[in-house]
**Q** 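Can you read through this structure? Questions will come right after.
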Amino acid sequence: MDKNVAILGLGTMGSGMAANLLKAGISLTVYNRTPAKAQTLVNGGASFAAAPAEAAKDASIVIAMLADDTASRAVWTGKDGALGTVRPGTVLIESSTASPAWIRELAGLAAQHGAELLDAPVTGSRVQAATGQLTFLVGGSETALQAATPVLKAMSKEIVHLGPTGSGAKMKLINNFLCGVQVASLAEGLAWIEGSGLDLRKALSILNNGAPGSPLLAAISDRMVHRNYAVNFLLKLMAKDIGYAQAEAATCNVNLTTAEVSEALFERAIAGGYGDQDMAAVIEPLRTCK
Ligand code: NAP
């Protein structure tokens, strides 16, 4: 592929995505605020950039995979930010789960540099990022998406074009609103099962194989039962997504009351010191049978 690609952000998701770009033979430059996280990729053939501006300067596609709006703003527009060096015609891909309001602002800033922004957040988690099995939820122009498609394909099993700028970000927040509420209700349900004296294995089998069952319920109930909080998705990032979802739904005059109570459970877990563990740890403050 004749494209130079830069990726900004090598956390749980960005590192797996970058590894798949390298595997596809794409010429790749990587940037991460904490440089040590780039080492494995550099050993694998990626070029290292000490700043986002350096990463973006020769790239025809720049991908960001960062924690939140604050991180995205810092990396695109801060000191030595990527927007300082992007060239006209560059396609910028914001894959972080960000607020649609920030996506709109970023798209405007990109246009001032003659670049086009796609919002392309993902579904799938650590394993899907590592195995190139993500689904991209894309907002933006058909032309920009066509230019980006070979690169997105190297990281995904599916690319869904949802509409104009911001459409991907909106869809992602709806998706994570439903996920967050389900994880929060599972935490309460499982704490209840544990306190009830019911047989845990039988109770979970009924839930997982019955109407409430879902891939999320299966994965998270297993992590909760085994207290396995090795990070697939940081608890504090789910709290962030639920907050963004509430703000976005409010612009359509929809009040996400179930998000409100779910967010309270995630915030309680953060206050209890679980913010940097997997979101399954949301159950810990609720457990009465330790
Ligand atoms: P992560 O492991 O916490 O990585 C976050 C990345 O953002 C790191 O590269 C981090 O740099 C960088 N960052 C944070 N604050 C920054 C700042 N102020 N300035 C510059 N860089 C900053 O998160 P992740 O799990 O990869 O998630 C990345 C995005 O994808 C998030 O928006 C998340 O909601 C979304 N997402 C995650 C999953 C999942 O299952 N993990 C699934 C779908 C979508 P450092 O390394 O220096 O801290």
Side-chain angles (χ1 to χ4, degrees), residues 67-70 96-103 119 121-125 128 135 137 139 160 162-163 166-196 198 200 203-204 206-225 227 229 231-288:
D68 54 14
D69 287 3
T70 306
S96 321
T97 303
S99 71
W102 164 239
I103 291 294
D119 48 305
V122 300
T123 62
S125 189
Q128 290 73 21
T135 294
L137 310 177
V160 186
L162 286 144
S167 306
K170 285 180 196 170
M171 188 64 236
K172 174 64 184 167
L173 293 182
I174 295 167
N175 184 81
N176 276 29
F177 156 56
L178 266 68
C179 290
V181 170
Q182 194 180 22
V183 170
S185 66
L186 172 63
E188 291 188 329
L190 188 50
W192 182 10
I193 290 168
E194 288 175 349
S196 70
L198 283 167
L200 180 63
L204 280 177
I206 285 166
L207 296 179
N208 275 312
N209 296 312
S214 72
L216 187 69
L217 199 85
I220 302 295
S221 62
D222 188 67
R223 284 181 222 161
M224 285 176 173
V225 165
R227 292 177 161 83
Y229 304 136
V231 175
N232 283 269
F233 185 34
L234 282 165
L235 192 150
K236 67 183 178 190
L237 291 184
M238 180 51 97
K240 173 259 305 185
D241 291 357
I242 296 176
Y244 288 175
Q246 285 172 276
E248 184 58 23
T251 68
C252 303
N253 297 317
V254 176
N255 184 12
L256 301 185
T257 51
T258 55
E260 239 168 76
V261 291
S262 306
E263 190 181 28
L265 294 192
F266 284 102
E267 290 299 340
R268 186 169 159 192
I270 290 170
Y274 296 101
D276 287 315
Q277 300 197 33
D278 190 79
M279 65 173 163
V282 70
I283 190 175
E284 283 304 321
L286 309 178
R287 279 196 151 116
T288 52

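Please read all numbers here as calculations on a predicted model, not as lab measurements. Count residues from 1 along the sequence.
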**Q** Closest approach of Gly273 and Gln277, non-hydrogen atoms and distance?
**A**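 For Gly273 and Gln277, the tightest heavy-atom pair comes out as O-NE2, 4.3 Å.
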
**Q** Taking the side chain as C-beta and beyond, is there a heavy-atom pair between Arg227 and Glu284 under 4.5 Å?
**A**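 In contact.
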
**Q** Is there a side-chain contact (heavy atoms from CB on, under 4.5 Å) between Asp68 and Ser96? Walk through the geometry before answering.
**A** CA-CA 7 Å; Asp68 54 14; Ser96 321; over 6 Å; no

**Q** So do the side chains of Leu204 and Leu190 get within less than 4.5 Å of each other, counting heavy atoms only?
**A**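 Counting from C-beta outward, Leu204 and Leu190 do come under 4.5 Å.
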
**Q** Show me the donor-acceptor pairs within less than 3.5 Å that the side chains of residues 237-260 make with the rest of the protein, sequence neighbours left out.
**A**
| from | atom 1 | to | atom 2 | distance (Å) |
| --- | --- | --- | --- | --- |
| Lys240 | NZ | Ala67 | O | 2.9 |
| Lys240 | NZ | Thr97 | O | 2.9 |
| Asp241 | OD2 | Asn176 | ND2 | 2.7 |
| Tyr244 | OH | Asp69 | N | 3.0 |
| Thr251 | OG1 | Glu248 | O | 2.5 |

**Q** Can you name the residues that form a salt bridge (charged side-chain N to carboxylate O under 4.0 Å, His left out) with Asp278, not counting sequence neighbours?
**A**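 By the salt bridge (charged side-chain N to carboxylate O under 4.0 Å, His left out) rule, Asp278 matches Arg223.
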
**Q** For residues Leu235 and Asp276, determine if any side-chain heavy atom of one lies less than 4.5 Å from a side-chain heavy atom of the other.
**A**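 With C-beta onward as the side chain, the pair stays apart.
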
**Q** I'd like to check Phe266 versus Met279 (side-chain heavy atoms, cut-off strictly below 4.5 Å). Are they in contact?
**A**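 Counting from C-beta outward, Phe266 and Met279 do come under 4.5 Å.
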
**Q** Applying side chain to side chain contact (heavy atoms under 4.5 Å, CB included), name anything that partners Ala218, two or more places apart in sequence or on another chain.
**A**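 Scan of Ala218 (side chain to side chain contact (heavy atoms under 4.5 Å, CB included), adjacent residues dropped) gives Asn208.
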
**Q** A side-chain contact here means heavy atoms from C-beta on lying under 4.5 Å apart; do Trp102 and Thr70 qualify?
**A**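 Side chain of Trp102 against side chain of Thr70, heavy atoms only: no contact under 4.5 Å found.
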
**Q** Evaluate Val122 against Thr135 for side-chain contact (heavy atoms from CB on, under 4.5 Å), listing each step before the verdict.
**A** CA-CA 5 Å; Val122 300; Thr135 294; over 6 Å; no

**Q** Quick one: closest heavy-atom pair of Ala187 and Leu286, and the distance?
**A**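 Closest approach of Ala187 to Leu286, heavy atoms only: CB-CD1, 3.8 Å.
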
**Q** Among pairs that include at least one residue of residues 168-192, which meet salt bridge (charged side-chain N to carboxylate O under 4.0 Å, His left out), considering only residues two or more places apart or in two chains?
**A**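 Checked against salt bridge (charged side-chain N to carboxylate O under 4.0 Å, His left out) - neighbours excluded - no pair reaches residues 168-192.
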
**Q** Please examine the side chains of Leu186 and Ser221, heavy atoms only from C-beta on, and report whether any two atoms are closer than 4.5 Å.
**A**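 The answer is yes, as the side chains (C-beta and beyond) meet within the 4.5 Å cut-off.
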
**Q** Calculate, to the nearest 0.5 Å, the distance between atoms CG and SG belonging to Leu216 and Cys179 respectively.
**A**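 Going from CG on Leu216 over to SG on Cys179, the span is 5.0 Å.
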
**Q** Quick one: list whatever passes salt bridge (charged side-chain N to carboxylate O under 4.0 Å, His left out) with Asp222, sequence neighbours left out.
**A**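 Asp222 satisfies salt bridge (charged side-chain N to carboxylate O under 4.0 Å, His left out) with no residue once adjacent residues are dropped.
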
**Q** Using the side chain to side chain contact (heavy atoms under 4.5 Å, CB included) criterion, which residues pair with Ala169? Sequence neighbours excluded.
**A**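 Scan of Ala169 (side chain to side chain contact (heavy atoms under 4.5 Å, CB included), adjacent residues dropped) gives Pro100, Ile103, Asp119.
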
**Q** Give me the atom names and distance for the closest heavy-atom approach of Pro285 to Ala269.
**A**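 Minimum heavy-atom separation between Pro285 and Ala269: CG-CA, 3.8 Å.
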
**Q** Atom CE in Met224, atom CD1 in Ile283: separation rounded to 0.5 Å?
**A**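 One finds 5.0 Å between CE of Met224 and CD1 of Ile283.
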
**Q** After noting the C-alpha distance and the side-chain angles of Leu234 and Tyr274, does the key distance pass the side-chain contact (heavy atoms from CB on, under 4.5 Å) rule?
**A** CA-CA 9 Å; Leu234 282 165; Tyr274 296 101; over 6 Å; no

**Q** Looking only at heavy atoms, which two atoms of Pro212 and Leu217 are closest? And how far apart?
**A**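 Looking at all heavy atoms of both residues, the shortest contact is O-CD2, 3.6 Å.
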
**Q** With side chains defined as the heavy atoms from C-beta onward, is the minimum distance between Gln128 and Thr123 less than 4.5 Å?
**A**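 Side chain of Gln128 against side chain of Thr123, heavy atoms only: no contact under 4.5 Å found.
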
